[in-house]
**Q** 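So that we are looking at the same thing, I have put the structure below in structure tokens.
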Amino acid sequence: MRAAVRVKRPPPRPPPAVLQPVAKAKSEMMHPTLAPLLKTLKVRLAIGPPLAPTAKAFKSYAETCASLLRLCRAAVIGTASPASTSSFSTNLPLALSLHAHAVRSGVAADRSVASHLLTTYAAFARSAERDRAFLDCVAANAASSFTYDFMVSEHVKAGDIPAARKLFDGMPERSVVSYTTMVDALMKRGCVADAVELYQQCPLGSVAFFTAMISGFARNELHRSALGVFHDMLGSGVRPNDITFVCVIKACAGAGDFSAAMSIVGLAIKSNFFDKNIEVQNYLITLYRRMGDTAAAFKVFDEMEVKDVVSWTALLDVYADAGDLDGARRVLHAMPERNEVSWATLIARCEQKGDAAEAVSLYSEMLADGCRTNISCFSSVLSASASLQDLRGGARIHARTLKMGCSTNVFVSSSLIDMYCKSNKCRDAQIVFDTIPQKNIVCWNSLISGYSYNGKMVEAEDLFNKMPARNSASWNTIISGYVQNRQFVDALKSFNAMLASGQIPGKITFSSVLLACANLCSVEMGKMVHAKTIKLGIEDSVFVGTALSDMYAKSGDLESSKKVFNQMPERNDVTWTAMIQGLAENGFAEESILLFEDMMATEIPPNEHTFLAVLFACSHGGLVEQAIHYFETMQAWGLSPKAKHYTCMVDVLARAGQLTEAEDLLMKTPSRSEANSWAALLSACSTFRNEEIGERAAKKLRELEKDNTAGYVLLSNMYASCGRWKDAAEMRLLMKGITLKKEGGCSWVQLASLAWSLAVSQYMQVHICETGAQKAFDGPCWDCSNVASIDCQCEAKG
DNA sequence: ATAGGGTTAG
């Protein structure tokens, strides 16, 4: 494990400002430090307010009053231990009496006293008294810029943006603090246009103000605008600080400009902006992790003087994100202190990396550890249950969310909907959906996706039409739903509707749409879609390029397919696999194998689907030796052949007449329940008239799948080919007896090739779609404020 | 005394 460290414990939480009705004598429960001051006050009160006060005497009296109020407040929001909460909360009556004295003596009209009354009531969570104090303050002409700033911030904290805005607009003069508060509140609610208006209108500037704008733009995915504000800020001579740098780095990273992000990190570190700032260093660990620079992330962690739970959790995630789930688990157990986020992080990563079983088991471990659950933890473990189709476990978690009162949280309920749909329980998903009081778009999208997963496109379509608002994910969901359910024409229709609605299609949209074109063998449509990707400037994306090349190959236009492939600036394993598969499917076995060899010369490692594609090429070319060679090479790449690879090998061997070898290999198959392989063998037995192996294969096939029609058909064919007409007829009769029907004229070879291309294209679809969440770039244009796109081509941009 | 940031997440 890593070097021992000191652990910074978080400061104890301030006690909640619980207010109880006051019955007992005030002095009894008074905070000790208040007692002498109260005495002073009492003396003063006994003397009474100056009758003909000199300015000096009045000010002094007001100051006493103000400092007492400050003490009341400090006792509430200060670092008191929870045990003494009740005695502190009794400072409210003192504050009330101070207020009374202030009014009677006239010092309430003092600006300082008036402000302290406001902040004191706010600290005691007495909004009615606070509001009255504010009105009195305004009436007594004692309101300062601070008074207004404070009230604006109070309304924002309460979530009442309209009230904040009304007050802000009515202020005698707006300070930069109020501007900052308003702009930040608007940005956090996505009202970018309003925030921009205030930004342009604000004559002043401060670090916090500019930083709020930068972070606001970054939050709304308008990264270039964020950088524009940074530029303005430097131009106006305001010096950035550590917070500004964090926001700017976020904007660069969000815009995908990692080299800019890194140079700013370097600059900030060199200028000592990030020194000893534990939170910023924690963020740096995360940033390096996201960039895949594991070594740099470890370096930051190792060099930190003080580490807290967040640092350790960030370290855990460096391991987990890099795929080292074991390492991450070790960190989890070795860290000096862990919280629910630490557990949730590891659970989420296990789920993402495909180890759903581990996610579920960590969840139980977490409960056993007495750790409280978390909304994000619920959604991860529910996703894990969904992929395991663990309805029982999922329902148990559902019960727990009900108990904890968070079952209708949009995050939790979206995951519940997904879990029920993946377990084929659409009705339960619908019930969960119906009970969400405030559904957001994701809830709708989840249910639509769930219905299409279950092949219920009518319901999916109905929901899609009914939903109050759609985002790009909604369109992607319905389009890919149609594609998955092989309603390719509907997919293209939806794509047109999407364009007509003004929603800009993204990379995910194109991967589905191109798959639809490929399946319709509609090169014309595919070319139009291709043109659209060029117009949108996303044809260079690996995912779009792969889908394009795949579409052309599937449509039989290999020239275009190769052209796209060759022009791609970046290729990944999916890209190569698609091209290898495309060549093989179109009968260019040798070329396909040559391309596979080209791929071996690159840095990109092949995956199991790549091997499936090249084995398919061998099988088409009848290249038994080559197939055996590649099959054996798989292990060297750390890939263990799956049932599909065995099926393919059995097919290669069987079709070359090597029936004994094929049977031997089949017996070695790890998952022997692979009916398809036996069917392939049986099919070859009929071609080569080998009754002995054929009957064994048929027996196996019948054991594995009693209802497998193909088995009976193939066996009957085999008997027929050997001249055993009686047996053949018997088979047909047997089939009729158990009311099986021969599936329409589709030979095994056709079936096999269909199965392979389906497997590969499903794999590619998943991988093309897993580009990560496609972020909406829509929003008001930074330069002209009106146009709804960051890439607005307005003249202002020049 | 009031303003801006930083670990997980559909």
Side-chain angles (χ1 to χ4, degrees), chain A residues 66-67 69-70 73-74 77 111-112 115-120 122-123 144-154 156-157 175-185 187-188 206-216 218-219 240-250 274 277-287 289-290 308-318 320-321 338-349 351-352 374-383 386 409-419 440-446 449 473 773:
Chain A
S67 43
L69 282 167
R70 196 187 307 128
R73 206 171 52 237
I77 54 180
R111 290 191 165 212
S112 169
S115 304
H116 279 289
L117 279 168
L118 263 190
T119 51
T120 308
S144 64
S145 171
F146 167 78
T147 324
Y148 284 97
D149 290 347
F150 184 80
M151 284 306 291
V152 169
S153 142
E154 283 289 299
V156 166
K157 273 183 210 150
S175 76
V176 70
V177 174
S178 284
Y179 269 108
T180 309
T181 313
M182 276 318 303
V183 145
D184 185 55
M187 282 293 204
K188 278 179 180 152
S206 73
V207 207
F209 179 59
F210 284 115
T211 307
M213 284 303 292
I214 295 170
S215 106
R219 191 191 305 277
N241 62 15
D242 54 343
I243 304 176
T244 320
F245 277 115
V246 168
C247 298
V248 170
I249 291 162
K250 277 193 99 174
F274 289 169
N277 188 333
I278 183 167
E279 287 88 356
V280 170
Q281 285 165 333
N282 290 342
Y283 172 64
L284 286 182
I285 298 177
T286 304
L287 185 68
R289 169 181 63 73
R290 284 187 191 141
D308 64 2
V309 207
V310 178
S311 326
W312 283 95
T313 306
L315 178 73
L316 176 159
D317 204 14
V318 174
D321 198 11
R338 54 193 151 270
N339 63 16
E340 73 277 9
V341 179
S342 324
W343 286 99
T345 304
L346 186 52
I347 292 173
R349 287 289 175 217
E351 192 272 316
Q352 283 164 18
N374 186 325
I375 283 178
S376 95
C377 178
F378 275 135
S379 42
S380 308
V381 74
L382 281 168
S383 303
N409 168 285
V410 286
F411 280 69
V412 173
S413 42
S414 300
S415 310
L416 281 170
I417 291 170
D418 186 48
M419 185 273 294
N440 68 8
I441 294 189
V442 182
C443 303
W444 287 87
N445 290 350
S446 299
S449 152

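Naming: A, B, ... by sequence-line order, numbering from 1 per chain.
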**Q** With sequence neighbours excluded, what pairs up with Asp149(A) under the salt bridge (charged side-chain N to carboxylate O under 4.0 Å, His left out) test?
**A** none
**Q** In chain order, what residues pass the salt bridge (charged side-chain N to carboxylate O under 4.0 Å, His left out) check against Arg219(A), with sequence neighbours excluded?
**A** none
**Q** Under the ring pair (Phe, Tyr, Trp, His ring centres under 6.0 Å) test, which residues partner Phe150(A), sequence neighbours left out?
**A** Phe146(A)
**Q** Going by ring pair (Phe, Tyr, Trp, His ring centres under 6.0 Å), name the residues that satisfy it together with Phe209(A), two or more places apart in sequence or in a different chain.
**A** Tyr199(A)
**Q** Tell me what Asn445(A) touches on the nucleic acid: a base, only sugar-phosphate, or nothing, going by heavy atoms under 4.0 Å.
**A** nothing
**Q** NA contact type, Asp242(A), heavy-atom cut-off 4.0 Å: base, sugar-phosphate, or nothing?
**A** base
**Q** Have a look at Thr345(A) and say if it touches a base, only the backbone sugar-phosphate, or nothing, with a 4.0 Å heavy-atom cut-off.
**A** sugar-phosphate
**Q** If you look at every strand shown and take non-hydrogen atoms under 4.0 Å, does Arg111(A) touch a base, only sugar-phosphate, or nothing?
**A** nothing
**Q** If I take atom CD1 from residue Ile347(A) and atom CD from residue Glu340(A), how far apart are they, to the nearest 0.5 angstrom?
**A** 11.0 Å
**Q** Salt bridge (charged side-chain N to carboxylate O under 4.0 Å, His left out) with Glu351(A): which residues, sequence neighbours excluded?
**A** none
**Q** Please work out if Val207(A) contacts a base, only the sugar-phosphate, or nothing of the nucleic acid, heavy-atom cut-off 4.0 Å.
**A** base
**Q** Any base atoms under 4.0 Å from Thr286(A), or only sugar-phosphate, or nothing? Heavy atoms, all strands.
**A** sugar-phosphate
**Q** Nearest heavy-atom pair of Thr181(A) and Ser153(A): which atoms, and what distance?
**A** CG2-CA, 3.8 Å
**Q** Base, sugar-phosphate or nothing for Ser115(A)? Non-hydrogen atoms, less than 4.0 Å.
**A** base
**Q** Does Asn282(A) reach a base, just sugar-phosphate, or nothing at all? Heavy atoms under 4.0 Å.
**A** nothing
**Q** For a quick check of understanding: with a heavy-atom distance under 4.0 Å over all strands, which category does Gln352(A) fall into, base, sugar-phosphate or nothing?
**A** sugar-phosphate
**Q** Answer with base, sugar-phosphate or nothing: what part of the nucleic acid does Val410(A) contact at a heavy-atom distance below 4.0 Å?
**A** base
**Q** Using a 4.0 Å heavy-atom cut-off, does Ala344(A) contact any base of the nucleic acid, only the sugar-phosphate backbone, or nothing at all?
**A** base
**Q** So Ser206(A), base contact, sugar-phosphate only, or nothing? Heavy-atom distance under 4.0 Å.
**A** base
**Q** With a non-hydrogen cut-off below 4.0 angstrom, is Arg338(A) in contact with a base, only sugar-phosphate, or nothing?
**A** nothing
**Q** Taking 5' to 3' order, which nucleotide of DNA chain B is first and which is last to have an atom within less than 4.0 Å of a heavy atom in chain A?
**A** dA1(B) to dG10(B)
